[in-house]
Protein chains: 2
Amino acid sequence: MNSIKKQDTADKIMMAAIDLMADRGYNGVTTEEIATKAGFSEKTLFRHFKSKQNLLESAFHRYHYAEEMKDLFDKEITWDLHTDLMMISRNYHRIMHQNRKLIQISGRERENLPGFQESTHKHPQQLKEFLTEYFEEMYNKGEIIQTDPKRQAVVFLYMHYGAAMGRINNDPILEAFSIESFIEESISIFTRALTP
Amino acid sequence: MNSIKKQDTADKIMMAAIDLMADRGYNGVTTEEIATKAGFSEKTLFRHFKSKQNLLESAFHRYHYAEEMKDLFDKEITWDLHTDLMMISRNYHRIMHQNRKLIQISGRERENLPGFQESTHKHPQQLKEFLTEYFEEMYNKGEIIQTDPKRQAVVFLYMHYGAAMGRINNDPILEAFSIESFIEESISIFTRALTP
DNA sequence: AATTAATGTCAGTCATCAGTGACTGTCACA
DNA sequence: TGTGACAGTCACTGATGACTGACATTAATT
């Protein structure tokens with residue numbers, strides 16, 4: 001039972017930490033609260049993590065969404081603009097939504113998470129490069145009009161990033177709206193703009 | 001010199017508070033730091049504001065970007081799609097940039113700012129309604145194609161919201177890019193998508 | 001039955017921080 | 001010259017929060 005149970009406890013504590021810190025920030029939450037929420041004593045928390053800071057870092061490391069983002073590119077590209085953009089957007093929003101708590105924390109805790117900001121920025125960066133290449137290729141295939149593919153990629157990304165952040169922050173604008181509906185509209189606009 | 005100087009002191013303290021809290025959050029900054037940065041003693045801070053919480057609220061109230069957003073609609077609409085969208089975007093980004101510190105704080109400090117979230121959401125809401133009406137009117141004039149104007153407005157807004165947030169957070173994606181360049185590309189895409 | 005790993009309890013340390021109270025200094029102005 | 005408005009200093013308090021050490025408990029393992 002040793003390492004399994006041990007891991008289980010650590011996981012529960014990390015989950016509790018993520019939950020609470022996403023709502024109230026690193027400094028807004030006490031180690032006691034985290035432990036209680038996880039169903040353990042504060043002492044146990046400190047037996048598993050050598051400090052509060054270390055707990056946050058561990059939690060981040062453990063639940064990092066790094067890898068998923070990459071898979072997004074490896075999916076089936078059909079070279080049909082609408083289909084591909086829909087697929088990419090859906091996956092993007094799914095990943096952003098799954099990782100919303102980590103994203104909230106990361107936005108907030110620049111100071112407390114050394115070298116973390118960069119890892120948050122790494123994946124959009126990759127996505128931007130992938131999209132840029134995709135648009136270039138589509139242009140070469142004569143499927144889209146010629147403009148600057150890098151700029152198109154950035155606009156596309158920010159459009160979805162904005163919506164993803166709105167969703168994370170419970171923006172009332174999205175209340176009347178499903179995210180699926182947003183995706184459809186945005187892709188329609190994009191498709192229509194780029195189709196020759 | 002009474003109330004002028006008094007206001008001046010209070011202002012300096014509020015400015016210092018905004019500066020520091022935008023970087024490190026409410027709980028990440030001490031009243032002493034704020035006072036020192038403002039060039040006063042901690043005592044003076046508490047003579048002007050009855051608590052740290054009250055200081056934050058006052059600062060927010062004072063520098064609230066509420067009003068500016070509305071002016072954005074009252075500007076010259078030319079009923080030329082490209083021109084109007086450029087004007088709106090430029091103003092939007094200008095206001096967002098001017099108020100970046102308050103925006104950062106507001107995103108972070110949901111818990112500490114009672115009823116603040118709603119006031120942050122109010123203006124985009126207004127903007128969304130204005131844009132919706134604008135798109136409807138443009139459709140009636142036969143200047144744009146028929147789709148759902150509300151959805152168009154939301155997509156337009158989030159596109160710029162995303163970029164504005166990226167700019168605030170120093171997203172490296174925007175490094176190679178001026179915001180003006182983003183605006184141009186995004187409006188080109190939008191214009192091309194909506195033009196009959 | 002003895003051992004061990006994981007957790008709990010309790011009492012306590014140490015540092016920090018919001019906020020206060022008493023008193024002083026300074027300048028404007030009447 | 002005296003009063004009022006504003007800021008400073010200093011020495012506190014009271015609370016909180018991260019983190020520790022000693023010892024007890026529980027339950028599974030051998």
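In what follows, chains are A, B, ... by sequence order, proteins preceding strands, each numbered from 1. None of these values were measured; they are calculated from a predicted model.
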Can you tell me the distance, in whole Å, between the [atom1] atom of [X] and the [atom2] atom of [N]?
X	N	atom1	atom2	answer
A:Glu42	C:dG8	CD	C1'	13 Å
B:Glu32	D:dC10	CD	P	13 Å
A:Leu56	D:dA18	CG	P	13 Å
B:Ile13	C:dG19	CD1	P	14 Å
B:Phe40	D:dT9	CZ	P	12 Å
B:Ile34	C:dG19	CD1	P	11 Å
B:Met21	C:dC17	CE	P	13 Å
A:Lys52	D:dG17	NZ	P	9 Å

### Query
Counting side-chain heavy atoms from C-beta on, which of C:dA6, C:dG8, D:dA18 comes nearest to A:Thr9?
C:dA6
#### Entry: Options D:dT20, D:dA18, D:dA7, nucleotide nearest the side-chain atoms of A:Lys43
D:dT20
### Task
Indicate, yes or no, whether a donor-acceptor pair under 3.5 Å links the base of C:dG19 to the side chain of B:Arg47.
no
For [N], take OP1 and OP2 only and decide whether either is under 4.0 Å from a side-chain N or O of [X].
X	N	answer
A:Thr44	C:dT7	no
B:Thr31	C:dC17	no
A:His48	C:dA6	no

### Message
Regarding A:Thr30, tell me which of base, sugar-phosphate or nothing describes its non-hydrogen contacts under 4.0 Å with the strands shown.
### Response
sugar-phosphate
### Message
Just to be sure I understand the rule, does A:Gly39 reach a base, reach only the sugar-phosphate, or reach nothing, if contact means heavy atoms closer than 4.0 Å?
### Response
sugar-phosphate
### B:Tyr63 (side chain) donor-acceptor with B:Asn99 (main chain) under 3.5 angstrom
no
### Message
With a 4.0 Å cut-off on N to O distance, would you call A:Asp11 and A:Arg62 a salt bridge?
### Response
yes
## Note on the structure
Closest heavy-atom pair, A:Met138 versus A:Asp80, reported as atoms and distance to 0.1 Å, is CE-C, 4.4 Å
## Note on the structure
In short, B:Glu136 meets B:Pro149 closest at the heavy-atom pair CG-CG, 3.6 Å
### Query
Would a 4.5 Å heavy-atom cut-off, applied to side chains only, mark A:Tyr134 and A:Leu81 as touching?
yes
